[in-house]
Trainee: 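Have a look at this one before I ask anything.
Just so you know, residue 1 is the first one in the sequence shown, and it goes up from there.
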Amino acid sequence: MTTLVPLLLLGLLIWFWLDSARAREIATGICQAACEQRNLQFLDQTVALRRIGLRWTQRGIRIRRLFQFDYSEEGVGRRDGHVILVGVQLEEFSLGLPSEADRVVPFRHKPPDR
């Protein structure tokens, strides 16, 4: 019994490492495809893990990972985006750009002072 616990912990650690490597590869592929589709440069050709947590889903508990990546619109400057995976399923993808609704700035004409 005393040797079973360390073996289980080692097995869990190996599983977590392999699952994390798979999730990182999937996130990198998503980012590459999205950048190619939008004619953006995917900088550094990799993603970085920023946050990890647990999420309850209909299929049970899954690991939720937030990956950050850098891209460039015209080869000048860096912008960052993020990908969120729950298990190995895409939950959210963002280039960090404001949506169309956020770009609209209401203009109010100020009446002249009398």
Side-chain angles (χ1 to χ4, degrees):
M1 183 68 175
T2 58
T3 59
L4 184 61
V5 173
L7 287 176
L8 287 175
L9 288 175
L10 181 63
L12 183 64
L13 184 65
I14 290 171
W15 169 85
F16 180 74
W17 180 71
L18 291 173
D19 189 59
S20 295
R22 181 177 174 208
R24 184 181 177 122
E25 288 177 15
I26 291 170
T28 301
I30 290 169
C31 294
Q32 281 179 332
C35 287
E36 285 176 12
Q37 185 180 39
R38 293 168 176 83
N39 294 323
L40 301 171
Q41 284 183 316
F42 180 49
L43 302 176
D44 305 328
Q45 304 302 312
T46 189
V47 296
L49 181 65
R50 292 292 175 224
R51 189 174 299 151
I52 192 166
L54 297 176
R55 166 76 53 95
W56 286 99
T57 66
Q58 292 177 349
R59 297 184 304 169
I61 194 166
R62 298 285 184 250
I63 298 174
R64 181 177 186 265
R65 294 176 176 94
L66 169 68
F67 294 97
Q68 186 176 351
F69 65 97
D70 291 332
Y71 69 94
S72 178
E73 292 182 273
E74 296 175 359
V76 179
R78 288 178 94 88
R79 293 183 152 266
D80 63 328
H82 70 267
V83 175
I84 298 176
L85 296 179
V86 175
V88 291
Q89 300 295 317
L90 178 64
E91 180 184 69
E92 182 179 314
F93 175 82
S94 174
L95 291 172
L97 300 173
S99 65
E100 288 297 319
D102 292 337
R103 290 185 197 175
V104 177
V105 178
F107 175 77
R108 289 190 203 146
H109 182 67
K110 184 178 176 183
D113 293 331
R114 293 185 182 185

Trainee: In Å, rounded to the nearest 0.5 Å, how long is the span from CD of Gln32 to OG1 of Thr46?
Mentor: 9.0 Å
Trainee: Start with the C-alpha gap between Asp19 and Arg65, add the side-chain angles, then the distance that decides, and say whether salt bridge (charged side-chain N to carboxylate O under 4.0 Å, His left out) holds.
Mentor: CA-CA 11 Å; Asp19 189 59; Arg65 294 176 176 94; 3.1 Å; yes
Trainee: Are any non-hydrogen side-chain atoms of Phe69 and Leu95 less than 4.5 angstrom apart?
Mentor: yes
Trainee: Is there a chain of hydrophobic side chains (I, L, V, M, F, W, Y, each step under 4.5 Å between heavy atoms) that links Val88 to Ile84?
Mentor: no
Trainee: Does Val86 share a hydrophobic cluster with Ile52, counting links as ILVMFWY side-chain heavy atoms below 4.5 Å and allowing steps through other members?
Mentor: no
Trainee: Considering residues at least two apart in sequence or located in another chain, which fulfil the salt bridge (Lys or Arg N to Asp or Glu O under 4.0 Å) criterion with Arg55?
Mentor: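 Only Glu91 meet the salt bridge (Lys or Arg N to Asp or Glu O under 4.0 Å) criterion with Arg55.
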Trainee: What distance do Arg51 atom CZ and Arg64 atom CZ have between them, rounded to the nearest 0.5 Å?
Mentor: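 Arg51 atom CZ to Arg64 atom CZ measures 7.5 Å (nearest 0.5 Å).
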Trainee: Tell me, do Arg24 and Val47 make a side-chain contact under 4.5 Å, heavy atoms counted?
Mentor: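 Result yes, sub-4.5 Å side-chain heavy-atom pair found.
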Trainee: Are Phe67 and Leu40 grouped together when hydrophobic residues (ILVMFWY) are joined by side-chain heavy atoms under 4.5 angstrom apart?
Mentor: yes
Trainee: Determine whether more than 12 heavy atoms belonging to other residues, nucleotides or ligands lie under 6.0 Å from atom CD of Glu74.
Mentor: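 Check fails, neighbour count at 12 or below.
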Trainee: CG of Leu9 to CG of Leu4: how many Å apart, nearest 0.5 Å?
Mentor: 9.5 Å
Trainee: Find the distance between CG (Leu18) and CD1 (Ile14) and round it off to the nearest 0.5 Å.
Mentor: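 The CD1 atom of Ile14 is 7.5 Å from CG of Leu18, to the nearest 0.5 Å.
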Trainee: Taking all heavy atoms of Leu43 and all of Gly77, pick out the closest pair and write down the distance.
Mentor: CD1-O, 4.5 Å
Trainee: State whether Asp44 and Arg78 are salt-bridged, where the test is any N-O pair (Lys NZ or Arg NE/NH1/NH2 against Asp/Glu carboxylate O) under 4.0 Å.
Mentor: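 Looking at Arg78 together with Asp44, the answer is yes, because their closest N to O distance falls below 4.0 Å.
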Trainee: How long is the gap from CG on Asp70 to CZ on Phe42, to the nearest 0.5 Å?
Mentor: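 That separation rounds to 8.5 Å.
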Trainee: Please report the closest heavy-atom contact between Leu85 and Ala23, naming both atoms and the distance.
Mentor: CD1-O, 3.3 Å
Trainee: Would you kindly confirm whether Ile61 and Ile63 end up in one hydrophobic cluster when ILVMFWY residues are joined by side chain heavy atoms under 4.5 Å apart?
Mentor: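 Looking at the clustering, Ile63 is in the same group as Ile61.
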Trainee: Please tell me whether Phe16 and Leu66 are part of a single hydrophobic cluster in this structure, the criterion being side-chain heavy atoms less than 4.5 Å apart.
Mentor: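 Phe16 and Leu66: separate clusters.
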Trainee: Any chance you could measure Cys31, atom SG, to Glu36, atom CD, to the nearest 0.5 Å?
Mentor: 11.5 Å
